[in-house]
Amino acid sequence: MSESKVRVRFAPSPTGPLHIGGVRTALYNYLFARNHGGKVILRIEDTDRNRYVPGAEEYIIESLAWCGIIFDEDSRKGGPYGPYRQSERRFMYRDYAIQLVKSGHAYYAFDSAEELDKMRSRLKSAEEHLTQYGPFTRMEMQNSLSLPAEEVKRRLDAGDPYVIRIRIPENETVRVNDLIRGEVLVQSNSLDDKVLYKSDGWPTYHLANIVDDHLMEITHVIRGEEWLPSAPLHVLLYRYLGWEKEMPQFAHLPLLLKPEGNGKLSKRDGDRLGFPVFPLQWKDPKSGEISSGYRESGYFPEAFVNMLALLGWNPGTEQEIFSKEELISQFSLERVGKHGSKFDPEKAKWFNHQYLTSKNDEELAGYLSEYLNSNGVTSSQNTLLKVIALIRERANLLPDLWNNSRFFFIPPDQYDEKVFHKIWKPETSALLKDFLSQVANIDVWEEDSLQGFIHTFIESHSAKMGQLMNPLRLLIVGTNMGPGIIDIALVIGKEEFLRRVSTGLEKLNYGK
RNA sequence: GGCCCGUUCGUCUAGGGGUUAGGACGUCAGGUUUUCAUCCUGGUAACAGCGGUUCGAUUCCGCUACGGGCUACCA
């Protein structure tokens, strides 16, 4: 198999939004394929119609597109191996299940849900090790192995509901060769006779997945570690279907874990811990509940992807910031770790800060103007650029651009109480009144003149810089944060500056 | 419970039979600043435990502990 024929697939189930673990799996598939000059396929595995969520497929495609993960073949654009939605391939699977029955590697089973429950609870209470429907229990159940042939035929003809189960062999060692974990050996006796074909006429994941991967000529199956336990079953299926020579190589990725506590990252963790778990905002169609997304929180897709790429993979150098091209050229499965990673929201912010500060002022001004528009504020491009230059270094996420600059455009409507009590001394009001009357006389509103004036003023009042500047900031900004006061004064202009000082003095005096 | 996978600073990780066990995030301290950030400098902090193999193990092997996954007519 030459490298140029690499074909990988990302095969999500449209049961809800994709969380960052799924995005990472898709990303690694994408990077692997591009690195090898191969193809990435998106296949929608919608064989469980009970769990189908409207809008989920669109969400998945849109999310991955936002991340820059473009598929060569998918359910929208099609391709030579389509269709790419299993619901549209539904008619294809049954024949393979029947083929397995005929070759003796699968069988019909008629047990009801109640009977299955009974068997499992009986085996559990009997302290049996094997509580599964498998080599040691199947003869006690209702199936084409345990029942007389005429009875089986009668039930089938009568239209009794049935499933098709794989017939797991006894006393065999099944070998799975995993690109990340090496050789994994499993005793067949610990496997169970998984259902391949459901009584509703749909295949299960196991059957559909193997059939499609084979038909679509997938060369590498890169998926989450939760699939490792069923990989031996899949190996057996390839063998029994006669496809073992073309069987894809497996790579089971370690899982993303919760930032705190135990367990794998789940959909509920995000908003509980104050960070998004989804790439895009998601509104649950049933409950109407909204979950936040990275895009809406103000992350750049490149930063998000960079962060995700490094969560479980590293190139072995100390480089941390990667363009997409660098990720593609440097990615390899060999350098994917074996253990799960806890997701760190703080580091995610740091990544975004790196990307944000690498943008030029014009681009950032563009983002800021969007916030201005949605807040009904207008400003000149010139002013926008000046503001950006002053605040760019202090922003992590896009909304910080606005949150750290709104006082340039809107006067404070309240003054931080804590800051007031901390910096406002008995003599402050008098000092500022004096300052206000003198600063009004400045003709040239420029850096040098303001600087000079303030120094002279400070000296003549034998005050310290902070005694003047901190209260001044409170009046101009409303709190104790932001760029230099002179910088702000120059941007908002003399008139606005004087207005804020005087109204501030009034409000604070009458308020106290 | 059973089966499978894993375990280096709080977190993401590099490394690998003999290293001052490296980097990043966080955190702490100092510097810069009129403030808050940014930024700069420095510090803190790890080989899960026990046995083996070996002149020597954090690195190889085994066991234990711990963590994770799976154990559906879900994927």
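Proteins come first, then strands; the chains are lettered A, B, ... in the order of their sequence lines, and each starts at number 1. Keep in mind the model is a prediction, meaning the values are calculated, not measured.
In this entry B:G62 has B:C50 as its Watson-Crick or G-U wobble partner, both defining distances falling under 3.5 Å. Under the Watson-Crick and G-U wobble criteria, each requiring two contacts below 3.5 Å, nucleotide B:G67 is paired to B:C5. As the counterpart of B:C74, no nucleotide is assigned, since no Watson-Crick or G-U wobble pattern has both distances under 3.5 Å. If you check B:A29 for Watson-Crick or wobble pairing at under 3.5 angstrom, you find it paired to B:U41.
Of the two residues near RNA chain B, A:Leu116 and A:Asp487, the one whose nearest nucleotide lies more 5' is A:Asp487. Each of A:Tyr197 and A:Glu183 lies near RNA chain B, and the nucleotide nearest A:Glu183 is the one positioned closer to the 5' end.
Of the candidate nucleotides B:U38, B:C12, B:U11, B:C12 has the atom nearest to the side chain of A:Ser341. Checking B:C5, B:G10, B:U13 against every side-chain atom of A:Val184, the shortest atom distance belongs to B:C5. If you check B:C12, B:A75, B:U34 against the side chain of A:Ser13, the one that comes closest is B:A75. Taking only side-chain atoms of A:Leu228, from C-beta outward, the nucleotide of B:G69, B:C4, B:U11 with the closest atom is B:C4. In the set B:C70, B:U34, B:U13, B:U34 carries the atom at the smallest distance from any side-chain atom of A:Met469. Closest to the side chain of A:Lys338, out of B:C73, B:G6, B:A75, is B:G6. For A:Asp344, the side-chain atoms get nearest to B:G10 when compared with the rest of B:G10, B:C74, B:G15. Taking the side chain of A:Arg473 as heavy atoms from C-beta on, and the options B:G69, B:U35, B:C12, the nearest nucleotide is B:U35. Side-chain proximity of A:Lys347 to the nucleotides B:C73, B:C12, B:U7 is greatest for B:C12. Comparing B:A75, B:G69, B:C3 against the side chain of A:Leu255 picks out B:G69 as the nearest.
Nucleotides B:U41 and B:C50 are separated by 43 Å at their C1' atoms, to the nearest Å. Across the P atoms, B:A14 and B:A48 are found 14 Å apart, a figure rounded to whole Å. As rounded to the nearest Å, B:G10 and B:C61 have C1' atoms that lie 31 Å from one another. Nucleotides B:A45 and B:C12 place their C1' atoms 15 Å apart, quoted to the nearest Å. Remark: the separation of the P atoms in B:U58 and B:U20 is 15 Å, to the nearest Å. The separation of B:G52 from B:U59, taken at their C1' atoms, amounts to 15 Å, rounded to a whole angstrom.
Side-chain contact annotation: A:His252 with A:Arg181, donor-acceptor N/O pair under 3.5 Å absent. If you check the side chains of A:Glu114 and A:Ser112, you find a donor sitting under 3.5 Å from an acceptor.
The side chain of A:Asn314 places an N or O atom within less than 4.0 Å of a non-bridging phosphate oxygen (OP1 or OP2) of B:A14. Taking only side-chain nitrogens and oxygens, A:His339 comes nearer than 4.0 Å to OP1 or OP2 of B:U13. Regarding contacts with the backbone of B:C73, a side-chain N or O of A:Arg165 is found under 4.0 angstrom from either OP1 or OP2.
Within 4.0 Å (heavy atoms only), A:Trp227 reaches at least one base atom of the nucleic acid.
In this model, a side-chain donor or acceptor of A:Arg51 finds a partner on the base of B:C74 within 3.5 Å. Contact annotation: side chain of A:Ser199 to base of B:C73, donor-acceptor pair present below 3.5 Å.
Remark: A:Gln414 CD is loosely packed, at most 12 non-hydrogen atoms of other residues, nucleotides or ligands lying under 6.0 Å away. Within 6.0 Å of the CG atom in A:Asp448, the count of heavy atoms belonging to other residues, nucleotides or ligands does not exceed 12.
Cation-pi geometry between A:Arg155 and A:Tyr162 is not met: the NZ or CZ atom fails to fall both under 6.0 Å from the ring centre and inside 45° of the normal.
Between A:Lys342 atom NZ and B:C25 atom P there is a gap of 20 Å when expressed in whole angstrom units. A:Trp350 has its CH2 atom 13 Å from the C1' atom of B:U13, to the nearest Å.
Electrostatic pairing of A:Lys359 and A:Glu302 counts as a salt bridge here, judged by a charged N lying under 4.0 Å from a carboxylate O.
Between A:Phe343 and A:Tyr294, the angle of the ring planes goes over 60°, which puts this pair in the perpendicular group of the 30/60° scheme.
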